[in-house]
There are 2 protein chains.
Amino acid sequence: MANKNRCLTPTTDDECKRARLYLQDTLDVVGGKWKLVLISILRGGKLKFRELTREAGISARILSKELKEMELNGLITRTVVKTSPIMVEYELTPYSNTLSEVITAMHEWGKNHRQKIIGQQSTEPNSL
Amino acid sequence: MANKNRCLTPTTDDECKRARLYLQDTLDVVGGKWKLVLISILRGGKLKFRELTREAGISARILSKELKEMELNGLITRTVVKTSPIMVEYELTPYSNTLSEVITAMHEWGKNHRQKIIGQQSTEPNSL
DNA sequence: GATACCAGTTACAAAAAGGTTACTATGGCA
DNA sequence: TGCCATAGTAACCTTTTTGTAACTGGTATC
């Protein structure tokens, strides 16, 4: 039939759909090219706008857009410091720490995947 | 100075850069709009090409491209079944299970985030 | 006053991603 | 023979994303 259960961890078809919904929710908030990278960078402490562009290698226009979205989602705070040339500091919120498992998992996976790829290239006995 | 340590979990500046590298590696492989969703769907068991387009709501052109990339990265297998109208089954590889922590973490985060958002809307005492 | 740096924004251009439609090719069925 | 379903692919177009360069406005410095 068309409605067979298609998920292992979730057990009903309904749970299956909800699982995908949650996944999509997360992708909506931290998906894309930059947000997780910016969070990863900001885990080292607050940074100013220009510092962030340099650290991430992102253009000011995109950074501005990303930061606004992240602020709206409660992941970072924006603080204006009234110094000589005005300064704006971006800092992670406590709420952003709830993403640490996601980031850690991706970090670990990337590490292992890279080792797997490198291993395939050099240590394989029967290459070529 | 410019090279202060900017990462909490990793402790040296070098580890900090590597951490970001691993994150980017992962994003290269499973980033974008579809790959994690497709994996999530396929966790319920193998599916045919058309079934996948319907389940994910993705066009055939994009699905074809995504599946090729995922096959190249060893996440899925493609099997031709010589039935009446020929059939192609896509199935997760054991290697794709290494992503389960990433997917689970994102699933959990999306679930909690959604509850947080809904909670803000309805149960807040001073709304409006 | 000229220059330079900060934090952005705006306008324009390019590239990436995605969708639609039409098409190939195979084979069962009426 | 014509129609349907399968798995894609190719051409074309739209939308989204990203980048570049120029610019505002403020302050400090030369």
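First the proteins, then the strands, lettered A, B, ... as listed; each starts at 1. FYI, side chains are in, hydrogens and waters are out, and symmetry mates aren't considered; it's all heavy atoms of this structure.
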Discussion item. A/T93: which residues meet the side chain to side chain donor-acceptor pair (under 3.5 Å) condition with it, sequence neighbours left out?
Written reply: none
Discussion item. I'd like to check the side-chain contact (heavy atoms from CB on, under 4.5 Å) partners of B/K33; sequence neighbours left out, ordered by chain and number.
Written reply: none
Worksheet entry | Flag if over 12 foreign heavy atoms under 6.0 Å of CD, A/E101 | no
Under 3.5 Å, which donor-acceptor pairs link side chains of residues 74-81 of chain A to any protein atom two or more places apart or in another chain?
residue, atom, partner, partner atom, Å
A/T77, OG1, A/E91, O, 3.4
A/R78, NE, A/Y90, OH, 3.3

Discussion item. What is the first contacted nucleotide of DNA chain D and what is the last, in 5' to 3' order, if contact means an atom lying under 4.0 angstrom from a heavy atom of chain B?
Written reply: D/dA5 to D/dA11
Worksheet item: If you measure from CZ on B/R20 to CD1 on A/I103, what distance do you get to the nearest 0.5 Å?
Response: 12.0 Å
Item to complete: Take nucleotides 3-18 of chain C nucleotide by nucleotide from the 5' end and write B, S or -, depending on whether a protein heavy atom sits under 4.0 Å from the base, only from the sugar-phosphate, or from neither.
Response: ---SBBSBB------B
Worksheet, complete the sentence: The side-chain contact (heavy atoms from CB on, under 4.5 Å) partners of B/L38 (sequence neighbours excluded) come to B/W34, B/L52, B/A56, B/L63, B/E66, B/M70
Worksheet item: How about A/N112 and B/T98: do any of their side-chain heavy atoms sit closer than 4.5 Å?
Response: no
